[in-house]
Protein chains: 2
Amino acid sequence: MSTNSKEAILTAARGIAQARGYGGLNFRDLADEVGIKAASIYYHFPSKAELGVAVAKRYREDNAAALEALAVETGDPAVCLKRYPETFRSALTNDNRMCLASFMAAEHDDLPEPIRIEIRAFADVNVAWLADRVTEAKIVDAGQSQARARAIFAAISGAQLMARSRDDLALFDHIVADYQAAGLLPI
Amino acid sequence: MSTNSKEAILTAARGIAQARGYGGLNFRDLADEVGIKAASIYYHFPSKAELGVAVAKRYREDNAAALEALAVETGDPAVCLKRYPETFRSALTNDNRMCLASFMAAEHDDLPEPIRIEIRAFADVNVAWLADRVTEAKIVDAGQSQARARAIFAAISGAQLMARSRDDLALFDHIVADYQAAGLLPI
DNA sequence: ACCTGAACACCGTTCAAGT
DNA sequence: ACCTGAACACCGTTCAAGT
């Protein structure tokens, strides 16, 4: 490894957690992927819970940066909304993985509280970003941007979940098109 | 137990799986809840995979029966669509539990194939039922009923997932209202 | 500074044994 | 017919020890 082990652990853990969840993430498989022993992970992270928090935090930060980059790349809010599902789509193209926050939303009952906080923050970032675009694009009455934003976030999450359960990327695209046809998303 | 152990195991396993998933379901806790020992479960189910299939199958059947009952109870397809989210809502009111099929959709990679088949069947039943109501209610052009039906199913699943992650039942209701305001669901 | 092997109480599972 | 205790290879975790 040219990069340090801590980064390699974070990256590998994120990939595993997006495929098998927090519960499905185990230190022996993770260590194998990084090329060290399970006990060595404890040198970098004091517990599975702390590793989970670090993975979720990094995930949220990377996602926030990607959303900001998209907003900067195109100032057109309608284009931003049209491209918003791409992030969720790319998780599916990456071996049918899913959004870490969605998987962990399902695992809510078995999650340490600090991880839950990160998951909520992820949703907050997405809803706030969507609300800004919805407001700029004027696709709903004033005061309804927040409501439409969380509806879009929830709906896209559900589309990804359904597509994943069938390992069917085309289904994700179809559902997004259905949302557009129904008027939830602009066309 | 006045009912037999097999039924008690199925019922308890369903409740646990809706809260912690298939991976979070473990034989010692399950046996404790039923009042037997972990090894005794194997008298009724040959493996965790077979128990999981039985739970998922029963869940799908119960849901199909509930949807049929709703359709019979009221012949009005608009009323049916208005009440469709109730099933998902009641899972949340039951200790913030979620749809078994949604949880298992997330767990897809770690699921035995027979369970995956049940999960797909659950979605098929829901989409078919929704498509019938959408067609009857004439809320979309002919030929678009299936598309709208899967959009509704995916969207409601996503709303439940988001509400669960915040343990916020009111959020579920708000998102459903948002879907109605956006035109995805009839008002 | 970073890693390891061996040990611990937990999982699914098996099996011989109980009633 | 239905249940059990003890055992197995797996988990997260600890810790003393290595380089």
Side-chain angles (χ1 to χ4, degrees), chain A residues 1-56 100 103-104 106-116, chain B residues 1-56 100 103-104 106-116:
Chain A
M1 291 288 152
S2 52
T3 55
N4 61 66
S5 288
K6 187 163 186 170
E7 283 300 318
I9 292 168
L10 274 177
T11 302
R14 171 188 153 152
I16 295 172
Q18 282 188 254
R20 317 165 78 91
Y22 178 72
L25 173 68
N26 82 71
F27 278 42
R28 283 169 180 92
D29 290 346
L30 172 57
D32 269 356
E33 203 168 310
V34 175
I36 55 177
K37 299 294 171 183
S40 305
I41 296 173
Y42 286 87
Y43 177 77
H44 303 281
F45 301 95
S47 67
K48 182 177 177 180
E50 298 266 8
L51 170 60
V53 173
V55 169
L100 183 67
F103 209 138
M104 288 183 165
E107 291 178 301
H108 181 265
D109 286 10
D110 285 324
L111 249 33
E113 185 60 23
I115 298 187
R116 290 180 183 159
Chain B
M1 291 289 150
S2 51
T3 54
N4 61 66
S5 287
K6 187 164 187 170
E7 283 301 317
I9 292 168
L10 274 177
T11 302
R14 172 186 153 152
I16 295 172
Q18 282 188 255
R20 316 164 79 90
Y22 178 72
L25 174 67
N26 83 71
F27 277 43
R28 283 168 180 93
D29 290 346
L30 172 58
D32 268 357
E33 203 168 309
V34 175
I36 55 177
K37 299 294 172 183
S40 305
I41 296 172
Y42 286 87
Y43 178 77
H44 302 282
F45 301 95
S47 67
K48 181 177 177 179
E50 298 267 7
L51 170 61
V53 174
V55 169
L100 183 66
F103 210 138
M104 288 183 165
E107 291 178 300
H108 181 266
D109 286 10
D110 285 324
L111 250 35
E113 185 60 22
I115 299 188
R116 290 181 184 158

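Labels below follow one simple rule: chain letters A, B, ... track the order of the sequence lines, proteins then strands, and each chain is numbered from 1. Because the structure is predicted, anything quoted here is derived from the model rather than measured.
- Within the cation-pi definition used here (under 6.0 Å to the ring centroid, within 45° of the axis), A:K6 qualifies as a partner of A:F45.
- Rounding to whole angstrom units, CG of residue A:D29 and C1' of D:dC11 are separated by 10 Å.
- B:R116 places a side-chain N or O within donor-acceptor distance of the main-chain N or O of B:H108, the cut-off being under 3.5 Å.
- At least one side-chain nitrogen or oxygen of A:H44 sits closer than 4.0 Å to the OP1 or OP2 atom of C:dC3.
- Here the side chain of B:E107 pairs no donor or acceptor atom with the backbone of B:G21 at under 3.5 angstrom.
- Which of C:dG12, D:dG12, C:dC15 sits closest to the side chain of B:A39 comes down to C:dC15.
- Residue A:E50 contributes atom CD, which lies 10 Å from atom P of D:dT13 at whole-angstrom precision.
- Distances shorter than 4.0 Å separate none of the side-chain N or O atoms of B:S47 from OP1 or OP2 on C:dG12.
- With a cut-off of 3.5 Å on both Watson-Crick or G-U wobble distances, the partner of D:dT19 is given as C:dA1.
- As a whole-Å value, the separation of A:K37 NZ from C:dA7 P is 16 Å.
- Within 4.0 Å of B:L51, counting heavy atoms only, lies no atom of the nucleic acid at all.
- In this structure, B:D110 places its CG atom 11 Å from P of D:dC11, rounding to the nearest Å.
- B:L25 comes within 4.0 angstrom of sugar-phosphate atoms only, judged by non-hydrogen atoms across all strands, and of no base.
- Separating the OH atom of A:Y43 from the P atom of C:dA1 is a distance of 5 Å, rounded to the nearest angstrom.
- Under the 6.0 Å distance and 45° angle rule, B:K48 counts as a cation-pi partner of B:Y22.
- Here the C1' atom of nucleotide D:dC8 and the CZ atom of B:R28 are 11 Å apart, to the nearest Å.
- The side chain of B:S40 contributes no N or O atom lying less than 4.0 Å from OP1 or OP2 of D:dC2.
- Look at A:S5 and you won't find any side-chain N or O under 4.0 angstrom from OP1 or OP2 of C:dC2.
- For B:Y42 and C:dC11, the OH to P distance is 12 Å, given to the nearest whole Å.
- Using Watson-Crick or G-U wobble geometry with both donor-acceptor distances under 3.5 Å, D:dT14 finds its partner in C:dA6.
- A pairwise comparison of heavy atoms in B:M104 and B:I115 identifies SD-CG2, 3.7 Å as the closest pair.
- When the P atom of D:dC3 is taken as reference, atom CG of B:N4 falls 9 Å away, rounded to whole Å.
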